[in-house]
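Everything on this sheet refers to the single structure shown next.
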Number of protein chains: 2
Amino acid sequence: MNTEKRTYHHGGLRDALIEAAVLILEEEGIAKMSLRSIARKAGVSQAAPYSHFANKSALLIEVAAFGFSKFSSALENPVASGDTPDDLREHLAKLGVVYVNFAMENKALFQLMFGDALSHISKSETYLKEGERAYNCIDKAVRRLKDEAAATLAAWSMVHGLATLMVDQKINVAPDVGNQVRSILQFLSLK
Amino acid sequence: MNTEKRTYHHGGLRDALIEAAVLILEEEGIAKMSLRSIARKAGVSQAAPYSHFANKSALLIEVAAFGFSKFSSALENPVASGDTPDDLREHLAKLGVVYVNFAMENKALFQLMFGDALSHISKSETYLKEGERAYNCIDKAVRRLKDEAAATLAAWSMVHGLATLMVDQKINVAPDVGNQVRSILQFLSLK
DNA sequence: ACCTGAACACCGTTCAAGT
DNA sequence: ACCTGAACACCGTTCAAGT
């Protein structure tokens, strides 16, 4: 990817560190993603990240922000085909399937995004923006069927609960995740 | 509590370590619960825990097992008053409120119990027993209303999702948690 | 302005040695 | 059998010094 020769000054180290962190997260899991291992992967010294981030958490916020942008893009993909209740219902089911599939295909990233390891530190602009984008996808889809805040929370809770129970290995994951999501969504009534 | 004079051999160090871990978890959070800090709290050397546990995870499994026993006891408390659908529905709602209240009042313990930090290591007898006890409470309550595995998973997912979103600080927690739980459970249809 | 190297105070775990 | 003390390989973070 990077064919340019390395100099003392890296150039785009900030983004390179975020990229390196995402790679370690995918390949080795959250436990192996130390600030030092991120720096090693980016080919710089252990102290170099502190030129671009206040601390490890500040870097991880940007990794989570990347996660939310990827997540939001996936959620924006399925579009309702029409305006009938059946179309809107099908649209919501598809969002649920996308939600749970994202969690299973990006386990460590999903845990970083929705876990509370980062909840005490201040969020970045992009983190907040991408997080809202994801939330709005779900909120809009639900409110076309039932325009109540509690309805969005009910649907989100059900799908998020299934996703976390799967990711955290508290339930067996069915061979067809899509069917499993739809089999519980039949008990979500938005009348 | 312990007025006996300390000797070289502790006596009940195994249980004392689990107790110390629970205390640190409640008072200082999951990040501060190192094996060394647990040993310090129990008044022994850093290597002493290895006489009773293979490693840190083996100790944490017992802490989680304690959590599940506490959780199961709370879930067993509300009993259905009768056999009408309304009684059974009210029983399920009460279980949901107990579930979410437990999560909020034992945040770090709840995260340890349901997170995946411990999912790769082998579980102890008591962990499995207490975990099943909790699951059976929920499963029985749901199946009296709707005798399908998917119904249990739907109800559990919805309540567990709300609990995790609260504990992980992804949603605002209403002043009355009970009302918030009931306001989403109205969208759970077990017809 | 950005990066390095060494240092500090922490970890989990191992192991010879003490009781 | 149970516990200690020292050691090893890690961490996150700081800071003077280099480019």
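Treat the numbers as computed from the prediction; the structure is a model and nothing was measured. Order of the sequence lines sets the chain letters (A, B, ...), proteins ahead of strands, with each chain counted from 1. Side-chain atoms are counted along with the backbone in the values below, which use heavy atoms only and exclude waters and symmetry mates.
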Hey, are B/Trp156 and B/Tyr99 close enough side-chain-wise for a donor-acceptor pair under 3.5 Å?
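Yes, B/Trp156 and B/Tyr99 have a side-chain donor paired with an acceptor closer than 3.5 Å.
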On DNA chain C, does the nearest nucleotide to A/Gly11 precede the nearest nucleotide to B/Ser37 from the 5' side, or the other way round? Give the residue.
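Going by which nucleotide is closer to the 5' end, it is A/Gly11.
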Tell me: [atom1] of [X] to [atom2] of [N], nearest whole Å?
X        : N      : atom1 : atom2 : answer
A/Ile38  : D/dG12 : CD1   : C1'   : 11 Å
A/Arg40  : C/dC3  : CZ    : C1'   : 17 Å
B/Leu59  : C/dG12 : CG    : P     : 11 Å
B/Asp15  : D/dC2  : CG    : C1'   : 15 Å
B/His52  : D/dT4  : NE2   : C1'   : 13 Å
A/Ile121 : D/dG12 : CD1   : P     : 14 Å
B/Phe53  : D/dC2  : CZ    : P     : 12 Å

Results of side-chain hydrogen bond (donor to acceptor under 3.5 Å, both in side chains) for A/Gln180 - residues two or more places apart only:
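side-chain hydrogen bond (donor to acceptor under 3.5 Å, both in side chains) list for A/Gln180, sorted by chain: empty.
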Quick one: closest heavy-atom pair of A/Ala80 and A/His91, and the distance?
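Residues A/Ala80 and A/His91, closest heavy atoms: N-CD2, 3.6 Å.
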Using atom types as modelled and distance alone, determine if a side-chain donor or acceptor of [X] lies under 3.5 Å from a backbone N or O of [Y].
X        : Y        : result
A/Thr152 : A/Val142 : no
B/Ser157 : B/Ala154 : no
A/Glu26  : A/Leu23  : no
B/Asn106 : B/Leu109 : no

Can we call the ring centroids of A/Phe114 and A/Phe68 under 6.0 Å apart?
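Ring-ring flag for A/Phe114/A/Phe68: true, centres closer than 6.0 Å.
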Categorize B/Ser34 for me: base, sugar-phosphate, or nothing, with a 4.0 angstrom heavy-atom threshold over every strand shown.
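Counting heavy atoms under 4.0 Å across all strands, the contact made by B/Ser34 is with sugar-phosphate only.
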Electrostatic pair B/Glu27-B/Lys32, nearest N-O below 4.0 angstrom:
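Here B/Glu27 does not pair with B/Lys32 in a salt bridge, since their nearest N and O are not under 4.0 Å apart.
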Reading 5' to 3' and counting Watson-Crick or G-U wobble pairs with both distances under 3.5 Å, write the dot-bracket notation for DNA chain C, | for bases paired outside the strand.
||.|||||...|||||.||
One character per nucleotide, please: for nucleotides 13-19 of chain D, 5' to 3', B when the base has a protein heavy atom closer than 4.0 Å, S when only the sugar-phosphate does, - otherwise.
BBB--BB
Can you tell me which nucleotide in C/dC11, D/dT4, C/dT4 comes closest to the side chain of A/Ser45?
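So the side chain of A/Ser45 is nearest to C/dT4.
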